[in-house]
Amino acid sequence: KDIYPLKDIRNKLSHYVNIILDSSHGNGAILEKIIKLSNESKGNCGVVFHMRAENENVQKIRARNIEVNPSNKFIQDLRILCGDKHVWIS
């Protein structure tokens with residue numbers, strides 16, 4: 001078993017930042033803001049977009065060219081932008 005310092009645990013064990021985007025919202029502007037935030041918080045954690053259609057079907061899209069640092073500030077900024085329940089780490 002590995003032992004990690006508590007301050008590094010999120011970076012070591014996080015693989016993806018997940019973001020739900022509803023098709024009913026204007027996603028173009030939101031995506032631009034997400035990309036801007038991501039560029040300011042570069043790291044080794046992938047990003048998965050969960051695109052929710054009006055009929056409630058969800059399609060997962062993994063961003064191949066975005067890797068982020070899942071810091072508290074980055075996650076909080078995303079939650080302000082997208083909603084508390086629309087952003088999580090896995």
Side-chain angles (χ1 to χ4, degrees):
K1 294 182 179 182
D2 295 328
I3 298 174
Y4 300 110
L6 194 55
K7 65 181 180 135
D8 297 334
I9 203 87
R10 181 178 284 191
N11 287 335
K12 294 282 187 190
L13 300 180
S14 299
H15 298 288
Y16 296 102
V17 173
N18 297 270
I19 305 167
I20 294 175
L21 295 175
D22 292 317
S23 65
S24 59
H25 299 122
N27 289 335
I30 291 176
L31 278 173
E32 286 180 27
K33 290 177 184 177
I34 291 171
I35 290 169
K36 183 176 184 256
L37 286 173
S38 299
N39 288 333
E40 295 169 357
S41 184
K42 294 207 178 274
N44 296 318
C45 191
V47 175
V48 176
F49 293 101
H50 299 257
M51 308 298 285
R52 186 165 37 198
E54 290 179 17
N55 64 1
E56 296 296 319
N57 286 339
V58 176
Q59 182 177 4
K60 292 181 187 178
I61 301 171
R62 182 172 179 254
R64 291 183 294 178
N65 57 348
I66 301 174
E67 288 189 330
V68 297
N69 176 353
S71 67
N72 282 335
K73 181 178 180 347
F74 177 69
I75 299 300
Q76 287 173 351
D77 290 345
L78 279 178
R79 287 181 173 157
I80 290 168
L81 181 63
C82 302
D84 282 339
K85 294 183 180 180
H86 287 104
V87 178
W88 71 95
I89 299 172
S90 61

Could you tell me the separation between the [atom1] atom of [X] and the [atom2] atom of [Y], rounded to the nearest 0.5 Å?
X	Y	atom1	atom2	result
Asn18	Cys82	CG	SG	12.0 Å
Phe49	Ile20	CZ	CD1	12.5 Å
Glu54	Asp22	CD	CG	9.5 Å
His50	Ile61	NE2	CD1	10.0 Å

With a 4.5 Å cut-off on side-chain heavy-atom distances among I, L, V, M, F, W and Y, is there a chain of contacts connecting [X] to [Y]?
X	Y	value
Ile19	Ile30	yes
Ile80	Val17	no
Leu81	Val48	no
Ile35	Leu37	yes

Would you mind writing out the side-chain donor-acceptor pairs for residues 66-78 within the sub-3.5 Å range, not counting sequence neighbours?
residue, atom, partner, partner atom, Å
Asn69, OD1, Ser71, N, 3.4
Ser71, OG, Phe74, N, 3.2
Asn72, OD1, Arg10, NH1, 2.8
Asn72, OD1, Arg10, NH2, 3.1
Lys73, NZ, Asp77, OD2, 2.8

message: For Arg62 versus Tyr16, what's the shortest heavy-atom pair and its separation?
response: NE-CE2, 3.1 Å
query: salt bridge (Lys or Arg N to Asp or Glu O under 4.0 Å) between Glu32 and Lys36: does it pass, once the steps are laid out?
result: CA-CA 6 Å; Glu32 286 180 27; Lys36 183 176 184 256; over 6 Å; no
field: Qualifying residue for side chain to side chain contact (heavy atoms under 4.5 Å, CB included) with Ile34, from Val87, Asn39, Leu21, Val47
entry: Leu21
